[in-house]
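Since the structure is predicted, the reported quantities are computational estimates derived from the model, not experimental observations. Numbering of residues begins at 1 and proceeds along the displayed sequence. Atoms within each ligand, like the ligands themselves, are counted from 1 in listed order.
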Amino acid sequence: MRKKIVAANWKMNLTLAEGKNLVDGILAGLPALSDARRVVIASPFTAIAQTVAQLQGKPYIYPGAQNCYAENAGAYTGEVSALMLKDAGVQYVILGHSERREYFKEDSALLAKKVNQGLSNGLQVIFCCGEPLEIRDAGTQNAHVEQQIKEGLFHLDAAQLTNIVIAYEPIWAIGTGRTATSAQAQEIHAHIRQVIAKQYGADAADNMSILYGGSCKPSNAAELFACPDVDGGLIGGAALKSDEFLGIINAMVGQ
Ligand code: PGA
């Protein structure tokens, strides 16, 4: 069954004390979740052990990470593997975020290997796609996102695909305060679902959670999440304050 998910992407923010307070605040106000209404907290690597401990025994709220490397172990100074994340208690890993693609030059070939690492170590992968403003202005966003999904995911079989969540994040909406309208989000999410259906069949497409990301906040979350093909959100800035993040979680739970 398709799950609704709200995932926090803390990016490179928060000290251990700040992260602890934030998770405490979220847990204090958390509504009832379920297998089909989940929350993920993707903290920086330094806070993972603490976040895992805080979420221990709390149902349907899962620790996540924001990246992993494309190999299991070895001489890769500064990198962290999916094996290490799993060992630390992580259950979700974000891969292919536009900031990774742009600032760290992560291309589709590397991302496909990272996806394999995440899946073979038993992690759920939140695979990000999304177009820059010039592509949106040219009106070719559907083809752009389709290409990213083909290159990053289409080597997987149908069973592997059940452990993938797709996050659509238009780059022009990330951290800018400019959100895609619900009509824009719905249109491209429906396209993404069609792309999955063509390759993997209607059931796989129907079961795929497709999250929206980009300046999602309590004031627009309910409208975005009400779209039939928007199954929750990947949240940056608004995930750094417990009241805002809880507002977004409540918008998801209320759907
Ligand atoms: P934002 O970031 O919510 O701050 O726009 C979203 C993301 O990059 O995941």
(message) Does Asp203 have more than 12 heavy atoms from other residues, nucleotides or ligands lying within 6.0 Å of its CG?
(response) no
(request) Run the contact test for Lys11 against ligand 1 with a 4.0 Å cut-off on heavy atoms, strictly below, and give the result. (result) yes
(message) Side chains of His189 and Asp231, heavy atoms from C-beta outward: is any pair under 4.5 Å?
(response) no
(message) Between Phe245 and Leu22, is there a side-chain heavy-atom distance shorter than 4.5 Å?
(response) no
(request) With heavy atoms only and a cut-off of under 4.0 Å, state how Ile174 meets ligand 1: side chain, backbone, both or neither. (result) both
(request) Would you mind checking which non-hydrogen protein atom is closest to atom 3 (O) of ligand 1, with the distance to 0.1 Å? (result) Gly236 N, 2.9 Å
(message) Under 4.0 Å from a heavy atom of Asn9: which atoms of ligand 1 are those, numbered in the order shown and with their elements?
(response) 9 (O)
(request) May I ask you to check if ligand 1 and Glu99 share an N or O to N or O distance below 3.5 Å? (result) no
(message) Out of all atoms in ligand 1, which are within 4.0 Å of some heavy atom of Ala173? Include the element for each.
(response) 5 (O)
(request) Just need the protein heavy atom nearest to atom 9 (O) of ligand 1, so name the residue and atom and give the distance. (result) Glu169 OE2, 2.6 Å
(request) Give the numbers and elements of all ligand 1 atoms closer than 4.0 Å to a heavy atom of Ser215. (result) 1 (P), 3 (O), 5 (O)
(message) With a sphere of 6.0 Å drawn around CD of Glu223, does it hold more than 12 non-hydrogen atoms of other residues, nucleotides or ligands?
(response) no
(message) Checking the N or O distance criterion of under 3.5 Å, is ligand 1 in contact with His97?
(response) yes
(message) How long is the straight-line distance from CG of Leu110 back to CZ of Arg100, given to the nearest 0.5 Å?
(response) 9.0 Å
(message) Applying side chain to side chain contact (heavy atoms under 4.5 Å, CB included) to Phe225 and Cys216, what does each step give before you reach the verdict?
(response) CA-CA 10 Å; Phe225 299 170; Cys216 188; 4.0 Å; yes
(request) Output the list of atoms in ligand 1 that are nearer than 4.0 Å to some heavy atom of Gly175, sorted by atom number. (result) 1 (P), 4 (O), 5 (O)
(request) To the nearest 0.5 angstrom, please state how far the CD1 atom of Ile249 sits from the CD1 atom of Ile61. (result) 6.0 Å
(message) Are the side chains of Val80 and Leu85 in contact, using a 4.5 Å heavy-atom criterion?
(response) yes
(request) Would you please say whether a donor-acceptor pair under 3.5 Å links the side chains of His97 and Gln66? (result) no
(request) Report the nearest protein non-hydrogen atom to atom 4 (O) of ligand 1: residue, atom name, distance rounded to 0.1 Å. (result) Gly237 N, 2.8 Å
(message) Does any N or O of ligand 1 fall below 3.5 Å from an N or O anywhere on Ala238, backbone included?
(response) no
(request) Consider every N or O of Cys216 and every N or O of ligand 1, then say whether any pair is closer than 3.5 Å. (result) no
